[in-house]
Number of protein chains: 2
Amino acid sequence: MEALADYFKVFSEPNRLTVLEALRSGALNVTAVVEKTGLSQALVSKHLKLLMIAGVVRRRPEGSLVFYEVIDKGVFRLMAQAEKLLMAARRQQLDDLAAIF
Amino acid sequence: MEALADYFKVFSEPNRLTVLEALRSGALNVTAVVEKTGLSQALVSKHLKLLMIAGVVRRRPEGSLVFYEVIDKGVFRLMAQAEKLLMAARRQQLDDLAAIF
DNA sequence: TCGCAGTATCATGCTGTCGTTATGCAATTC
DNA sequence: GAATTGCATAACGACAGCATGATACTGCGA
């Protein structure tokens with residue numbers, strides 16, 4: 001339970017999801033992620049490190065650049081499924097509200 | 001991105017997952033959840049409230065008791081998929097480690 | 001109606017995490 | 001080898017979320 005919660009925690013941060021999203025279409029170096037997301041360089045570095053520790057992302061130095069890429073694109077399926085559940089939950093809540101009137 | 005992160009946050013807490021797990025087999029009242037999980041009553045109440053606000057759980061007062069139940073069991077599929085990804089990530093990390101030697 | 005069992009909430013202390021700024025370090029270029 | 005670029009990390013302040021203990025609320029039975 002503990003480990004699973006920690007794994008979910010990886011995806012529980014908006015900026016981290018933004019970073020992940022930036023990597024959806026393939027590997028990018030840090031600066032590219034910074035430009036694509038608009039986040040500060042330090043912040044991007046930290047989130048990428050966390051994603052690496054979590055085993056979500058792979059680090060690949062290439063010359064003076066460092067590329068990161070998503071290891072298992074299944075994480076995007078996880079995100080999609082969560083989004084689906086989220087929207088269903090919202091719909092349900094609206095229905096509940098409507099049932100009051 | 002923000003909303004999705006908040007949704008993931010719901011599942012990023014061990015005790016909250018424990019509460020959810022307690023409800024896997026069906027509706028329970030608060031005290032039953034307390035007994036099943038070993039968590040304090042105040043804590044269970046708060047987590048259940050959060051789960052309700054998130055639209056994961058439904059609240060149903062019945063006499064002097066209050067029953068809670070999971071609205072969409074799809075959340076358990078989400079958890080299962082996350083667990084699968086988690087284990088795959090771990091395996092990958094071990095492989096990476098082994099590749100060093 | 002009094003008391004009790006079940007549930008919710010409040011106030012508080014604490015810990016963890018986030019973001020920023022500044023700095024360190026490594027590889028490249030000149 | 002000095003300067004520059006790309007990335008990582010440290011230190012710090014701010015804030016959010018968790019757990020606890022105490023207390024309030026609610027409906028039911030005696």
* Nearest atoms (heavy-atom pairs only) where A:Val70 meets A:Leu20 -> CG2-CD2, 3.8 Å
Tabulate protein N/O versus nucleotide N/O from nucleotides 15-18 of chain C, keeping only pairs under 3.5 Å, one per line.
| from | atom 1 | to | atom 2 | distance (Å) |
| --- | --- | --- | --- | --- |
| C:dC18 | OP1 | A:Arg16 | NH1 | 2.7 |
| C:dC18 | OP1 | A:Arg16 | NH2 | 3.1 |

* To do: Determine, step by step, whether B:Thr31 and B:Leu65 satisfy the side chain to side chain contact (heavy atoms under 4.5 Å, CB included) criterion, reporting the C-alpha distance in whole Å, the side-chain angles of both residues, the deciding distance to 0.1 Å, and the verdict.
  => CA-CA 9 Å; B:Thr31 301; B:Leu65 305 185; 5.9 Å; no
* **Shortest non-hydrogen separation from B:Ala89 to A:Gly55 and the atoms involved** => CB-O, 3.7 Å
* Closer than 4.0 Å, any side-chain N/O of B:Arg59 to the OP1 or OP2 of C:dT7? -> no
* To do: Could you tell me whether the phosphate oxygens of C:dA8, OP1 or OP2, come under 4.0 Å of any side-chain nitrogen or oxygen in B:Tyr68?
  => yes
* Under 4.0 Å between any heavy atoms, over every strand shown, what does A:Phe67 touch: base, sugar-phosphate, or nothing? Just pick one. => nothing
* Structure fact -> From CG of B:Leu48 across to P of C:dG6 the rounded distance in Å is 16 Å
* Asked: Of A:Leu65 and A:Lys49, whose nearest nucleotide on DNA chain D comes first from the 5' end?
  -> A:Leu65
* To do: Walk me through it: do B:Gln93 and B:Leu97 pass the test side chain to side chain contact (heavy atoms under 4.5 Å, CB included)?
  => CA-CA 6 Å; B:Gln93 286 176 327; B:Leu97 183 63; over 6 Å; no
* Identify the 5'-most and 3'-most nucleotides of DNA chain D with at least one atom closer than 4.0 Å to a non-hydrogen atom of chain B. => D:dG17 to D:dC28
* Structure fact -> Ranking B:Asn29 and A:Leu39 by the position along DNA chain C of their nearest nucleotide, the one closer to 5' is B:Asn29
* Asked: Would a distance-only check, ignoring hydrogens and angles, find a side-chain to backbone donor-acceptor pair under 3.5 Å from B:Lys36 to B:Val19?
  -> no
* **Contact summary for B:Leu78 and A:Gln81, nearest pair of heavy atoms** => N-NE2, 3.7 Å
Could you list all N or O pairs between the protein and nucleotides 25-30 of chain C that sit under 3.5 Å apart?
none

* Structure fact -> Nearest heavy-atom contact between A:Tyr68 and A:Met52 is CE2-SD, 4.4 Å
* Search all heavy atoms of A:Lys9 against all heavy atoms of A:Arg16 and return the closest pair with its distance. => O-NH2, 3.1 Å
* Asked: Taking C-beta and beyond as the side chain, do B:Val56 and B:Tyr7 meet within less than 4.5 Å on heavy atoms?
  -> yes
* Asked: For A:Ala27 and A:Glu69, which heavy atoms make the closest approach, and how far apart are they?
  -> CB-CB, 3.6 Å
* Scan A:Ser40 against the nucleic acid and name what it touches under 4.0 Å (heavy atoms): base, sugar-phosphate only, or nothing. => sugar-phosphate
* Asked: Roughly how far apart are A:Asn29 CG and A:Arg59 CZ, rounded to 0.5 Å?
  -> 12.0 Å
